[in-house]
Amino acid sequence: MITRKRLAAGVCGLLAAIAVGLLPTPAVAGEPAAKSSPKVELTLDVSGSMRARDIDGQSRMAAAKQAFNEVLDAVPDDVQLGIRTLGANYRGEDRKVGCKDTRQLYPVGPLDRTEAKTAVATLAPTGWTPIGPALLGAADDLKGGDATRRIVLITDGEDTCAPLDPCQVARDIAAKGIHLTVDTLGLLPDAKTRNQLSCIAEATGGTYTSVQHTKELRDRVHQLVDRAARPVATPKPTEGAQQCAGAPELKAGLYSDREKFAEHRWYRVAVRPGQELRASVSIAADRAVNNDYGVLLRASTVHGREIVRGAEAGDGRTDVISSGLRYPKAPLASSDDAEPATETVCLQVSNSFSAPASVKTDPGLPVELTVDLVDGPDDASDAAFFGLGHGWWYLIALVLTGLAAGLLWGWISRWRVTVWRTN
């Protein structure tokens with residue numbers, strides 16, 4: 001009897017263990033939480049000009065629908081996708097009403113391909129081109145979460161709802177520090193449309209593409225949606241100070257900020273003995289600027305003594321200008337049990353950008369700052385300790401080798417001449 005009870009208890013215990021093993025395992029404290037899914041909103045122009053039949057023998061609207069259907073079939077499962085329209089509903093001539101004509105056709109979230117395709121099939125070219133309001137609406141649709149967020153704007157014309165400048169709207173979105181990228185695609189664009197869409201993309205770190213055929217549209221939209229699914233390093237927003245004393249202290253990482261034209265901003269980094277500080281900064285010209293400009297990244301002590309600097313100048317040939325520096329802090333002469341004192345290094349970021357009077361200077365220019373702290377060189381014999389590349393040592397060795405070879409050749413030449421004269 002006792003044996004049977006023990007056998008039954010053992011069987012019950014075994015079944016209970018199996019059941020517990022099959023249950024979902026709770027997250028262990030300290031494990032990283034699951035990252036939120038990337039978000040993309042396709043923002044499509046459905047204004048009256050989309051009726052034009054000049055893309056592969058069909059209307060621009062038909063080409064967009066065909067491209068959308070093929071893209072929807074290939075959207076990665078981990079991407080939350082939504083669709084917003086502009087100019088799709090109001091047919092009247094009241095500009096004030098037409099410039100509010102933007103709505104979310106399909107909400108951002110897990111994709112139901114059949115439902116999304118059905119929604120796209122109902123679209124017909126209708127009204128105005130309120131790009132600015134559509135960007136504001138799309139940014140609101142994508143808010144929340146810390147994953148990649150992307151707006152893909154597809155239009156065949158420039159905004160018709162000034163004075164709300166869509167390029168300024170894009171700058172304002174970027175200035176919020178939410179790291180939302182706007183990619184723009186122009187369907188058979190004219191020069192004004194191309195300039196406006198390029199400005200929108202540049203303001204948010206996105207791309208602009210001119211589209212002439214349905215296949216180009218499909219491939220580019222698919223590429224941008226797929227790009228959103230790839231993990232990227234998201235800069236952490238920070239705000240530099242006007243002087244080092246009140247500057248934020250930065251750890252190793254990637255940071256974003258905004259800097260006004262010809263402004264100086266300060267940050268602080270704690271460097272321990274035996275570490276090397278490596279820092280770089282990039283400033284983007286997201287609007288029209290004068291051709292001559294520069295960027296300065298300077299490291300100094302808290303008392304103002306300059307340690308090292310990096311500077312770069314530009315002449316209008318590139319939209320981004322970068323500079324960097326390295327500062328190795330010598331290790332302690334003797335190791336003690338006490339915690340080694342760290343040195344506070346002040347990083348100053350300055351720019352010499354200027355712009356024509358017609359260009360708005362607010363918000364400031366986008367700044368991306370990278371800070372890294374690595375183990376410093378073991379001793380002063382390491383060329384990196386002096387900020388020099390190892391190529392210097394090869395150059396010195398080459399010079400010495402050349403000198404020795406020259407002396408040897410001179411001696412041989414003199415010996416040959418002596419022998420010739422003797423004979």
Side-chain angles (χ1 to χ4, degrees), residues 131-132 135 139 148-155 158-159 165-186 189-211 220 223-224 227-228 232-235 237-238 240 254-265 279-297 310-325 349-370:
I131 294 178
L135 290 177
T148 303
R149 282 169 287 179
R150 208 171 204 101
I151 297 173
V152 180
L153 172 65
I154 304 161
T155 179
E158 62 178 327
D159 182 271
D165 181 6
C167 193
Q168 185 62 32
V169 169
R171 293 191 193 112
D172 292 338
I173 291 173
K176 293 178 181 179
I178 58 177
H179 304 297
L180 190 156
T181 303
V182 182
D183 297 292
T184 58
L185 290 86
D190 56 22
K192 288 185 176 180
T193 302
R194 183 165 51 250
N195 291 338
Q196 188 174 81
L197 295 181
S198 296
C199 181
I200 293 171
E202 289 172 1
T204 60
T207 59
Y208 163 72
T209 306
S210 178
V211 174
R220 185 57 177 159
Q223 183 184 51
L224 293 172
R227 182 179 296 174
V232 295
T234 302
T238 188
L254 182 64
Y255 300 88
S256 65
D257 199 356
R258 286 265 165 176
E259 189 170 87
K260 297 179 181 178
F261 285 71
E263 187 182 18
H264 307 280
R265 290 215 166 189
S280 64
V281 64
S282 297
I283 301 181
D286 63 350
R287 67 208 74 177
V289 297
N290 295 328
N291 284 344
D292 295 323
Y293 47 78
V295 60
L296 169 69
L297 179 62
E312 189 62 51
D315 57 4
R317 296 185 179 184
T318 178
D319 296 328
V320 179
I321 185 168
S322 305
S323 184
L325 57 81
V349 176
S350 307
N351 77 83
S352 59
F353 280 91
S354 61
S358 59
V359 175
K360 293 184 178 180
T361 59
D362 187 49
L365 300 169
V367 175
E368 192 166 275
L369 180 65
T370 302

What is the distance from atom [atom1] of [X] to atom [atom2] of [Y], rounded to the nearest 0.5 Å?
| X | Y | atom1 | atom2 | answer |
| --- | --- | --- | --- | --- |
| Leu224 | Leu153 | CG | CG | 11.5 Å |
| Asp292 | Ser354 | CG | OG | 8.0 Å |
| Ile200 | Arg171 | CD1 | CZ | 10.0 Å |
| Leu297 | Ser282 | CG | OG | 10.0 Å |
| Thr181 | Arg150 | OG1 | CZ | 5.0 Å |
| Leu197 | Asp159 | CG | CG | 10.0 Å |

TODO: Report the C-alpha separation of Thr207 and Arg220 in whole Å, then their side-chain angles, then the decisive distance to 0.1 Å, and conclude whether the side-chain contact (heavy atoms from CB on, under 4.5 Å) test is met.
DONE: CA-CA 11 Å; Thr207 59; Arg220 185 57 177 159; 2.7 Å; yes
- [ ] For Glu259 and Asn351, test the side chains for any donor-to-acceptor distance below 3.5 angstrom and give the result as yes or no.
- [x] yes
Task: Under 3.5 Å side-chain donor-acceptor pair for Asp190 and Thr193 - done: yes
- [ ] Answer yes or no: is there a donor N or O on one side and an acceptor on the other, between the side chain of Arg287 and the main chain of Lys360, under 3.5 Å?
- [x] yes
Task: Donor-acceptor under 3.5 Å (Ser352 side chain, Gly294 main chain) - done: yes
TODO: Determine, stepwise, if the pair Leu180 / Thr204 fulfils side-chain contact (heavy atoms from CB on, under 4.5 Å).
DONE: CA-CA 7 Å; Leu180 190 156; Thr204 60; 5.9 Å; no
Task: 4.5 Å side-chain heavy-atom contact, Asn290 and Pro356 - done: yes
Open item on the list: With heavy-atom distances below 4.5 Å as the criterion, would you say the side chains of Ile173 and Ile178 are in contact?
Closed with: yes
How close do [X] and [Y] get, counting heavy atoms only, and between which atoms?
| X | Y | value |
| --- | --- | --- |
| Leu254 | Glu368 | CD1-CG, 3.6 Å |
| Ala203 | Ala170 | CB-CB, 3.9 Å |
| Arg194 | Pro189 | NH1-O, 3.6 Å |
| Pro363 | Arg258 | CG-NH1, 4.1 Å |
| Ser256 | His179 | OG-CE1, 3.2 Å |
| Ala201 | Tyr208 | CB-N, 4.0 Å |

- [ ] With side-chain contact (heavy atoms from CB on, under 4.5 Å) as the test, would you mind laying out the steps for Val349 and Ile283 before giving the verdict?
- [x] CA-CA 10 Å; Val349 176; Ile283 301 181; 4.2 Å; yes
Open item on the list: As a quick check of understanding, evaluate side-chain hydrogen bond (donor to acceptor under 3.5 Å, both in side chains) for Arg227 and Thr148, giving each step before the final call.
Closed with: CA-CA 9 Å; Arg227 182 179 296 174; Thr148 303; over 6 Å; no
TODO: Evaluate the ring planes of Phe261 and Phe353, with Trp represented by its six-membered ring, and classify them as parallel (under 30°), tilted (30 to 60°) or perpendicular (over 60°).
DONE: perpendicular
Task: Option among Thr370, Val281, Thr238 that satisfies the side chain to side chain contact (heavy atoms under 4.5 Å, CB included) test with Tyr255 - done: Thr238
